[in-house]
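Just the heavy atoms: all of them, side chains too, but no hydrogens, waters or symmetry mates, feed the values below.
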Number of protein chains: 2
Amino acid sequence: MTETRRGRPRTPLLSRESIVEATLQVIDSEGVAAVGMRSVARALGVDAKSLYNHVDGKDDLLDAVTEHLLAGLVLPERTGDARRDLHAIAASFRDQALRHPQAAPLVLTRQLASSQALAPINAVLEVLKDAGAETGDAVHMLRMLLATLIGTLLREVSAAPTFGSNDREGTLAASGLPALIEAAPHLARFDREAEFEYAVDLAITAVLHRIDLRRAR
Amino acid sequence: MTETRRGRPRTPLLSRESIVEATLQVIDSEGVAAVGMRSVARALGVDAKSLYNHVDGKDDLLDAVTEHLLAGLVLPERTGDARRDLHAIAASFRDQALRHPQAAPLVLTRQLASSQALAPINAVLEVLKDAGAETGDAVHMLRMLLATLIGTLLREVSAAPTFGSNDREGTLAASGLPALIEAAPHLARFDREAEFEYAVDLAITAVLHRIDLRRAR
DNA sequence: ACCTGAACACCGTTCAAGT
DNA sequence: ACCTGAACACCGTTCAAGT
């Protein structure tokens with residue numbers, strides 16, 4: 001009966017964006033394992049069920065966070081030097097992934113068909129193509145570069161097993177494995193930045209080298 | 001008072017080993033997300049709380065599964081050919097990881113100081129050293145190889161974003177990104193075995209090439 | 001359109017029993 | 001030594017309200 005009654009508008013308390021930001025707060029302060037409908041809602045001073053008006057569920061929430069992070073990636077200007085350009089793309093991906101270190105596993109691990117994820121892919125393909133790679137090869141190279149990048153970063157945020165960093169040397173020394181014992185001092189130290197540079201540089205070198213080989217027929 | 005009374009021995013229903021095996025059954029049939037104290041106990045016809053007599057909690061249970069899988073890795077015989085040997089180690093790692101495809105993320109992702117994990121590390125270091133790598137370099141190379149291996153396998157079991165496989169070409173075509181559109185047909189196909197060979201071979205080639213460079217001073 | 005109360009079917013884990 | 005009943009403090013999610 002009173003359908004025409006224009007009630008107070010009441011600006012909405014929540015939005016997908018504000019929920020994503022609150023989730024990032026939870027992740028930054030308590031880790032990704034602490035993310036839940038209830039914890040995120042608490043950070044917003046709201047009931048957990050309210051989130052369902054803006055988000056499809058927990059899984060969709062985590063997708064939204066991942067997408068948000070990927071969207072923040074800033075692609076570097078092309079310089080014309082393939083090595084420099086690939087390096088710059090990798091570096092900006094790393095920068096973005098490490099802006100919220102606790103959230104990194106999301107970005108590195110979640111399968112996302114999102115358009116946000118496509119821009120960096122396109123950028124890498126462009127560089128490879130201009131460097132002389134045939135399209136089919138470029139895709140294989142892209143995948144190899146991505147694998148190295150992801151594997152390296154996963155390790156850096158220490159969610160992957162590479163057995164170094166704070167492995168106490170004792171375990172290694174007690175292993176009875178000679179090559180391991182000899183390398184123990186090196187395995188015990190881990191310079192994140194240097195390790196990233198090393199792995200990415202090696203991968204890029206390999207790719208560019210292979211392009212040259214193919215071009216020479 | 002009746003302490004001397006030797007009651008029926010009653011062979012225990014559970015063991016750490018049997019629990020691990022039941023967990024693998026759950027993982028194989030319902031995925032790693034379905035693992036829980038209750039689901040594993042159900043597979044054993046036992047109450048969930050009983051598991052706590054053999055396992056420290058859910059996290060320790062998953063560690064035990066990871067360790068069990070790593071322990072099953074069979075290292076190949078050395079042939080003297082570094083390339084062949086590295087390839088064989090990578091292949092046996094992949095074989096083991098794919099024996100329980102749903103469990104692969106565990107093996108690829110869980111930080112484990114376990115001695116089970118050390119044997120393959122030692123094997124790679126040995127090959128690199130015999131190929132002429134200085135110990136410090138060998139550790140960097142090991143980490144790079146591992147990163148590529150893990151990144152590739154994560155993608156293969158489709159827990160990592162590389163944007164191919166069943167990405168419908170439509171999304172790519174609609175992206176408006178030229179290099180992506182051109183590569184769409186290649187991005188849409190993904191031969192697991194071939195992709196693995198390609199990435200691992202590229203990484204191994206890069207490492208062996210760098211060893212040669214260093215040896216030449 | 002957006003938020004919540006009541007409610008449901010789950011979790012992992014502790015601890016005091018029981019045998 | 002090993003297993004469980006009772007119990008606790010959690011989960012994600014649905015649905016029928018309320019405004």
Side-chain angles (χ1 to χ4, degrees), chain A residues 1-27 29-66 102-103 105-106 110, chain B residues 1-27 29-66 102-103 105-106 110:
Chain A
M1 292 86 189
T2 46
E3 276 188 52
T4 356
R5 231 187 186 250
R6 44 207 171 351
R8 48 233 155 322
R10 274 226 256 163
T11 58
L13 297 176
L14 266 29
S15 71
R16 206 173 158 84
E17 188 63 14
S18 70
I19 291 175
V20 165
E21 270 154 23
T23 308
L24 275 172
Q25 282 181 42
V26 173
I27 292 176
S29 62
E30 307 175 65
V32 69
V35 172
M37 304 308 276
R38 287 169 156 94
S39 61
V40 170
R42 197 181 314 124
L44 288 161
V46 125
D47 188 279
K49 300 181 263 26
S50 303
L51 304 183
Y52 286 85
N53 287 300
H54 305 90
V55 143
D56 246 2
K58 188 182 176 179
D59 216 60
D60 182 49
L61 171 57
L62 291 176
D63 276 348
V65 172
T66 307
Q102 305 243 55
L106 258 41
R110 292 226 138 209
Chain B
M1 290 88 191
T2 47
E3 276 190 49
T4 357
R5 229 187 190 255
R6 49 212 165 347
R8 49 237 153 316
R10 274 224 257 162
T11 58
L13 297 176
L14 267 28
S15 71
R16 207 175 156 85
E17 187 64 12
S18 71
I19 291 174
V20 165
E21 271 154 22
T23 308
L24 275 172
Q25 282 182 42
V26 173
I27 292 176
S29 63
E30 307 176 65
V32 69
V35 171
M37 303 309 275
R38 287 170 156 96
S39 62
V40 170
R42 197 181 314 125
L44 288 161
V46 125
D47 189 279
K49 298 180 267 18
S50 303
L51 304 183
Y52 287 85
N53 286 300
H54 305 89
V55 143
D56 247 3
K58 188 181 176 180
D59 216 60
D60 181 50
L61 171 57
L62 292 176
D63 276 347
V65 172
T66 308
Q102 305 242 56
L106 258 41
R110 290 222 140 212

- Could you tell me which residues satisfy side chain to side chain donor-acceptor pair (under 3.5 Å) with A:Ser15, sequence neighbours excluded, listed by chain and number? A:Ser18
- For B:Asp60, all residues meeting side chain to side chain donor-acceptor pair (under 3.5 Å), sequence neighbours excluded: B:Arg16
- Query: Are B:Asp63 and B:Asp56 close enough, and set up right, to give a side-chain contact (heavy atoms from CB on, under 4.5 Å), and what steps lead you there?
  - Reply: CA-CA 10 Å; B:Asp63 276 347; B:Asp56 247 3; over 6 Å; no
- Query: Does any residue of residues 14-24 of chain B have a heavy atom under 4.0 Å from DNA chain C, and if so, which ones, in number order?
  - Reply: none
- Check each residue of residues 50-63 of chain A for a non-hydrogen atom within less than 4.0 Å of any atom in DNA chain C, then write out the ones that pass by number, or none. A:Ser50, A:Asn53, A:His54
- A:Leu51 and A:Leu44, any side-chain heavy atoms less than 4.5 Å apart: yes
- What's the CD-C1' distance between A:Glu30 and D:dC10, to the nearest Å? 14 Å
- Item | side-chain contact (heavy atoms from CB on, under 4.5 Å) partners of B:Asp47, counting only residues at least two apart | B:Lys49, B:Ser50
- A:Leu13 has an atom CG; how far is it from atom P of C:dC3, in whole Å? 5 Å
- Query: Which heavy atom in B:Val32 sits nearest to a heavy atom in B:Gln102, and how many Å separate them?
  - Reply: CB-O, 3.9 Å
- Query: Between A:Arg42 (CZ) and C:dT4 (C1'), how many Å, whole number?
  - Reply: 17 Å
- Query: Atom CG of B:Asp47 to atom C1' of C:dA17: distance rounded to whole Å?
  - Reply: 14 Å
- Query: Taking side chain as C-beta onward, heavy atoms only, is B:Asp59 less than 4.5 Å from B:Arg110?
  - Reply: yes
- Indicate the atoms forming the closest heavy-atom contact of A:Leu62 with A:Thr66, along with that distance. O-OG1, 2.8 Å
- Query: Where do A:Ala34 and A:Ser39 come nearest, in terms of heavy atoms and distance?
  - Reply: O-OG, 2.8 Å
- Message: For C:dG12, does the base pair up with any side-chain atom of B:Lys49 as donor and acceptor (N or O, under 3.5 Å, distance only)?
- Response: no
- Item | Whole angstrom value for the distance that separates C1' of D:dC8 from CZ of B:Arg38 | 11 Å
- Note on the structure: Partner of B:Val40 under side-chain contact (heavy atoms from CB on, under 4.5 Å), picked from B:Val35, B:Val55, B:Val20, B:Leu24, is B:Val35
- Do B:Leu14 and B:Asn53 come close enough that some side-chain heavy atom pair is under 4.5 Å? no
- Message: From CG of A:Leu44 over to P of C:dT4, roughly how many Å is that when rounded to an integer?
- Response: 11 Å
- In dot-bracket, 5' to 3', how would DNA chain C read with Watson-Crick or G-U wobble pairs under 3.5 Å, [ ] for crossing ones and | for pairs to another strand? ||.|||||...|||||.||
- Query: Starting at CE of A:Met37 and ending at P of C:dT4, how long is that distance when rounded to a whole Å?
  - Reply: 13 Å
